[in-house]
Trainee: 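My structure is below; once you've seen it, I'll send some questions.
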Amino acid sequence: MGWARYHIEKLRAGTTVKFRPHGNSMTPRIKSGQLCTVEPIALDKLEVGDVVLCTIRGDDYLHIVKAIADDGRYQIGNNHGKINGWIGGHAIFGRLVQVDP
């Protein structure tokens, strides 16, 4: 199970979650250990540039939507230019709405 399983289950149930992810892939936008608030979101509201909690090839990420394809796939990447890959909407669980120290 990935680090975000508990939060993903809460988001699936319609609950906003708060957690402190660790890592540097989203700096300076999100620094390691900052408090992140993620809310459930309808896929039709997602836009390029949104930060989402998602799962790619079994790994959980709080990363950026880099592109949205006409066939309903989403390209996900970090804040340093790395692309994680394309995923379907079933693998996106919520959108970042706030970052606090």
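If you read the sequence from its start, that first residue is 1, and numbering goes on from there.
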Trainee: Treating Ile, Leu, Val, Met, Phe, Trp and Tyr as nodes and any side-chain heavy-atom pair under 4.5 angstrom as an edge, say whether L46 and V51 lie in one connected cluster.
Mentor: no
Trainee: Any chance you could measure I30, atom CD1, to L35, atom CG, to the nearest 0.5 Å?
Mentor: 11.0 Å
Trainee: How about T55 and R5: does a side-chain donor come under 3.5 Å of a side-chain acceptor?
Mentor: yes
Trainee: Side chains of T27 and N24, heavy atoms from C-beta outward: is any pair under 4.5 Å?
Mentor: yes
Trainee: Please round to the nearest 0.5 Å and tell me the distance separating atom CD of Q75 and atom CZ of R73.
Mentor: 9.0 Å
Trainee: For G88 and Y74, work out which heavy atoms get closest and say how close.
Mentor: C-CD1, 4.3 Å
Trainee: For the residue pair I83 and K66, what are the closest heavy atoms and their distance?
Mentor: CD1-CG, 3.8 Å
Trainee: Going by heavy atoms in the side chains, are V52 and H63 under 4.5 Å from each other?
Mentor: no
Trainee: Where do K82 and N84 land on the side-chain contact (heavy atoms from CB on, under 4.5 Å) test, with the steps shown first?
Mentor: CA-CA 6 Å; K82 179 181 183 215; N84 300 100; 3.9 Å; yes
Trainee: So do the side chains of C36 and P21 get within less than 4.5 Å of each other, counting heavy atoms only?
Mentor: yes
Trainee: Please report the shortest heavy-atom distance between G85 and R57, naming the atom on each side.
Mentor: CA-NH1, 4.4 Å
Trainee: Is the closest side-chain heavy-atom distance between F19 and Y6 below 4.5 Å?
Mentor: no
Trainee: According to a 4.5 Å side-chain heavy-atom criterion applied to Ile, Leu, Val, Met, Phe, Trp and Tyr, with indirect links allowed, do I8 and V65 form part of one hydrophobic cluster?
Mentor: no
Trainee: Answer yes or no: is there a side-chain heavy-atom contact under 4.5 Å between I64 and N79?
Mentor: yes
Trainee: May I ask you to decide if G23's main-chain N or O and S32's side chain share a donor-acceptor pair within less than 3.5 Å?
Mentor: yes
Trainee: Strictly by modelled atom types, are S25 and H80 linked by a side-chain donor-acceptor pair under 3.5 Å?
Mentor: no
Trainee: Taking the side chain as everything from C-beta on, heavy atoms only, tell me whether V38 gets closer than 4.5 Å to R95.
Mentor: no
Trainee: For a quick test of reading the model, state the closest non-hydrogen atom pair linking A4 to D60 and the distance between them.
Mentor: N-OD2, 3.2 Å
Trainee: Once rounded to the nearest 0.5 Å, what's the spacing between atom CD1 of I56 and atom CD1 of I76?
Mentor: 5.5 Å
Trainee: Can you get from L11 to I92 by hopping between Ile, Leu, Val, Met, Phe, Trp and Tyr side chains that sit under 4.5 Å apart?
Mentor: no
Trainee: At what distance, to the nearest 0.5 angstrom, does SG of C54 lie from NE2 of H90?
Mentor: 10.5 Å
Trainee: Closest approach of L62 and L96, non-hydrogen atoms and distance?
Mentor: CD2-CD1, 4.4 Å
Trainee: Please report the interatomic distance CD1(I87) to OH(Y61), rounded to the nearest 0.5 Å.
Mentor: 10.5 Å
Trainee: What's the separation between atom NZ in K18 and atom CD in Q98, rounded to the nearest 0.5 Å?
Mentor: 6.0 Å
Trainee: In the single-linkage hydrophobic clustering (I, L, V, M, F, W, Y; side-chain heavy atoms under 4.5 Å), do W3 and F93 co-cluster?
Mentor: yes
Trainee: Are L43 and L53 connected in the hydrophobic side-chain network, where two residues link if heavy atoms are under 4.5 Å apart?
Mentor: no
